[in-house]
Protein chains: 2
Amino acid sequence: MDQPEKFKDIWVVEDNHELRHTLEEVIDSEPDLICSMSFRRCEDLITALQKESPPQIILMDIGLPGMSGIEGLHHIRSLSPATQVIMLTIYEDDDKVFESLCAGAIGYLVKGQTTLKIVESIRVVLDGGAPMNARIARKVLTMFSRFVSPQADYALTRREQEILELLVQGYSQKQMAAQLNLSPLTVATHMKNIYAKLHVHSRTEAVVKALRERLI
Amino acid sequence: MDQPEKFKDIWVVEDNHELRHTLEEVIDSEPDLICSMSFRRCEDLITALQKESPPQIILMDIGLPGMSGIEGLHHIRSLSPATQVIMLTIYEDDDKVFESLCAGAIGYLVKGQTTLKIVESIRVVLDGGAPMNARIARKVLTMFSRFVSPQADYALTRREQEILELLVQGYSQKQMAAQLNLSPLTVATHMKNIYAKLHVHSRTEAVVKALRERLI
DNA sequence: GCTTCAATACCCTGTTCTGGGTAGTTTGTC
DNA sequence: GACAAACTACCCAGAACAGGGTATTGAAGC
C-alpha cells in the first residue's frame with residue numbers, strides 16, 4: 001500500500017489546472033482523505049491504474065479533451081471494479097450525467113460548488129450512498145423500470161407471444177413446433193404474423209425488439 | 001374532470017386514521033393541491049381507480065393489511081400508468097422501499113416527517129424528480145448497472161465485435177459485407193468464430209447473449 | 001527467424017428462414 | 001346464431017444461414 005490503511009485515497013482527473021488544484025487541496029485538507037495522484041488526461045489515469053494500487057474514489061471530469069470521461073469510465077470499470085467514480089460536470093441536468101450513471105459512475109459533482117459540498121459528496125459515496133439530485137434519480141428510475149416492466153403493445157396474440165418467447169430462447173421453427181405440438185408450417189405462419197406486427201423482417205430484429213422493449 | 005385543471009389531485013392510501021387525516025390536511029392546505037379521495041384499504045383504491053379519473057399522485061402506505069402497497073402498485077401501473085406513486089414507509093432503509101421502486105414507485109416519504117418535508121416530496125415529484133436519499137439511490141444504481149454491465153469477456157477481436165454490433169442492428173451477412181467492404185464469405189467466417197466464442201449456434205442466440213450480457 | 005494470431009477469402013452441402021399466397025376450424029362475443 | 005379473431009395447416013420459390021473444411025497475408029511477440 002502506498003498510504004496507511006486509514007487514509008481514503010482519491011484521485012482527480014481534470015484538465016483545468018485551477019479546479020484540479022482546488023480539488024486536491026480540499027481533499028488533502030480533510031484528516032482522513034488524501035489525493036495521492038491527479039491527472040489532466042484520462043489516458044494517464046489508465047496508465048497509472050495499471051501500475052499503482054487503485055484508489056477508493058476517482059473524481060473524473062465528464063468533458064475531457066482526448067479520451068472522454070465516459071470512455072475512461074469503462075476502462076476503470078474493467079481495470080478496478082471496486083473504485084467508485086464521481087463525475088465532474090458543469091451542468092447538473094446533462095444527458096452526459098445520466099449516460100455516466102449508466103456506464104457505472106456512482107454520482108456526480110457540479111463544478112463551482114462550495115468546499116463543503118465537494119466533501120459532502122465524497123462522504124456520501126464513502127458512506128455507501130450515491131450523490132445525485134431528484135431529477136437525475138427520476139431518470140435513472142424511469143430507465144430502470146423500463147427493464148422491470150413492459151411498455152409497448154403490439155397486440156400479439158397469446159400464441160404469438162408464446163412463440164416470441166421461444167424465439168428469444170433460441171428455438172428453431174422446427175423445435176418450436178415440437179415444443180408446442182404444432183406443425184412447423186403453423187409456426188412459420190405465426191412467425192410471419194409476429195414480423196408483421198413488430199414491423200421487422202428477420203428473427204434477429206424480432207429478438208432485439210423483444211429484448212429492448214421488454215416484450216417478453 | 002372532478003376538479004378544475006389547476007388543482008393537482010393527490011390520493012392517500014393509509015390504514016392509520018390519524019396519519020391519513022394529517023396527510024389530507026397538509027395536502028388541502030396547499031393552494032394548488034387537493035386530496036379528493038383517501039382510502040384505508042388498497043382494494044378500495046383499485047375500485048375507485050376503475051371509476052374515477054385518476055389523480056396525479058398517490059401516497060401509498062407500504063405496509064397495508066390485506067393487499068400490500070407493492071401489490072397495489074402493480075394494479076396502479078396497469079390501470080393508470082401516468083399516476084406517480086409515493087410510498088409511505090416507517091424505515092427509510094427498508095428493502096421494501098427498494099422493492100417498491102423496482103415495481104414502479106417514483107419515491108418515498110418517511111412517516112413522521114414534518115409538514116414541510118411532506119409537501120417538499122410531493123413538489124419534487126410534480127417537478128419531475130424522484131424523492132429518495134443517497135443510499136437508496138445507490139441501491140437503485142447498483143441494481144441498474146447490473147442490468148447494464150455484467151461484463152463477461154469472450155475475447156472477441158475488434159472485427160468480431162464490430163460484426164456482432166451490426167448483427168444486433170439486424171444486418172444480414174451480405175449487408176455487413178457491404179457496410180464493412182468485405183467479402184460476404186469473410187463475414188461468414190467471422191460469424192462462425194463469434195458463434196464458437198459465445199458458445200451459440202445461431203444469430204438469434206448470439207443476439208440474445210449480446211444484449212443480455214451487454215457485449216455491445 | 002520462428003511462432004502465433006487476426007483478418008481476409010474461398011469451397012461445399014444441407015438446413016432454415018422469409019414472404020407471397022390460400023383455407024379450414026375453434027373460440028369468444030354480441 | 002352470426003361474425004370476427006385467433007389458430008391451425010399447407011404450397012412454393014428464392015434467399016440466407018450453419019458448419020465442416022482450407023489457405024494466404026501481415027503484424028506482434030519471443
Side-chain angles (χ1 to χ4, degrees), chain A residues 43 46-47 50-51 75 78-79 150 152-213 215-216, chain B residues 50 78 151-213 215-216:
Chain A
E43 291 83 347
I46 310 292
T47 312
Q50 288 165 332
K51 290 184 214 159
H75 289 274
S78 62
L79 286 170
D153 185 14
Y154 293 96
L156 295 183
T157 67
R158 193 169 306 171
R159 214 30 152 187
E160 288 161 358
Q161 185 71 32
E162 203 170 2
I163 285 179
L164 184 60
E165 278 159 31
L166 292 179
L167 182 61
V168 171
Q169 284 168 48
Y171 282 62
S172 71
Q173 290 183 179
K174 196 185 284 184
Q175 289 172 321
M176 291 181 201
Q179 177 77 22
L180 302 173
N181 279 317
L182 291 177
S183 153
L185 295 162
T186 303
V187 174
T189 301
H190 287 308
M191 291 282 284
K192 280 190 279 192
N193 294 333
I194 292 172
Y195 289 173
K197 286 183 180 177
L198 299 188
H199 308 295
V200 298
H201 303 279
S202 69
R203 343 179 96 224
T204 308
E205 288 178 278
V207 166
V208 170
K209 201 149 192 166
L211 286 176
R212 285 247 167 92
E213 304 187 16
L215 304 179
I216 44 99
Chain B
Q50 287 163 333
S78 62
Q151 297 295 31
D153 185 13
Y154 293 96
L156 295 183
T157 68
R158 191 169 306 172
R159 214 28 152 188
E160 287 161 0
Q161 185 70 31
E162 203 170 0
I163 285 180
L164 184 60
E165 278 160 31
L166 292 179
L167 183 61
V168 171
Q169 285 169 48
Y171 283 61
S172 71
Q173 291 183 177
K174 198 185 282 186
Q175 289 172 322
M176 290 181 201
Q179 177 78 23
L180 301 173
N181 279 316
L182 291 176
S183 154
L185 296 161
T186 304
V187 174
T189 302
H190 287 307
M191 291 281 284
K192 278 189 280 193
N193 293 334
I194 291 172
Y195 288 173
K197 287 184 180 176
L198 299 188
H199 308 297
V200 298
H201 303 280
S202 70
R203 341 179 98 227
T204 307
E205 288 177 278
V207 165
V208 170
K209 201 149 193 168
L211 287 176
R212 286 246 168 92
E213 305 189 13
L215 304 179
I216 43 97

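Chain naming here is simple, since letters A, B, ... match the order of the sequence lines and numbering starts at 1 in each.
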Starting at [atom1] of [X] and ending at [atom2] of [N], how long is that distance when rounded to a whole Å?
X      : N      : atom1 : atom2 : answer
A:L185 : D:dC10 : CG    : P     : 5 Å
A:L166 : C:dC17 : CG    : P     : 13 Å
B:E162 : C:dA6  : CD    : C1'   : 13 Å
B:M176 : C:dA7  : CE    : C1'   : 16 Å
A:H190 : C:dT18 : NE2   : C1'   : 17 Å
A:N193 : C:dG20 : CG    : P     : 12 Å

- [ ] Determine whether B:E162 and B:R159 make a side-chain contact, defined as any pair of heavy atoms from C-beta on separated by less than 4.5 Å.
- [x]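 Of all side-chain heavy-atom pairs linking B:R159 with B:E162, at least one is under 4.5 Å.
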Open item on the list: Do B:M176 and B:H190 have side chains that approach each other closer than 4.5 Å (heavy atoms only, starting at C-beta)?
Closed with: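 Answer no - side chains too far apart.
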Open item on the list: When you measure only distances, ignoring hydrogens and angles, does the side chain of A:T189 come within 3.5 Å of the base of D:dC10 through a donor and an acceptor?
Closed with: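 Indeed, a donor on one side and an acceptor on the other fall under 3.5 Å apart.
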Open item on the list: Is there, by distance only and without an angle test, a donor paired with an acceptor across the side chain of A:T157 and the base of D:dC7 below 3.5 Å?
Closed with: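 Result: no qualifying N/O pair found.
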Task: Closest-nucleotide ordering on DNA chain D, the 5'-leading residue of B:Y195 and A:R159 - done: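 Result of the comparison: A:R159.
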Presence of [X] side-chain N/O under 4.0 Å of [N] phosphate oxygens OP1/OP2:
X      : N      : answer
A:K174 : C:dT15 : no
A:R203 : C:dC17 : yes
A:K192 : C:dG20 : no
B:T186 : C:dA9  : yes
B:S183 : C:dC10 : yes
A:Q173 : C:dC17 : yes

Task: A:Y154 versus A:E160, side-chain donor and acceptor atoms under 3.5 Å - done: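 A:E160 vs A:Y154: no donor-acceptor pair found between side chains.
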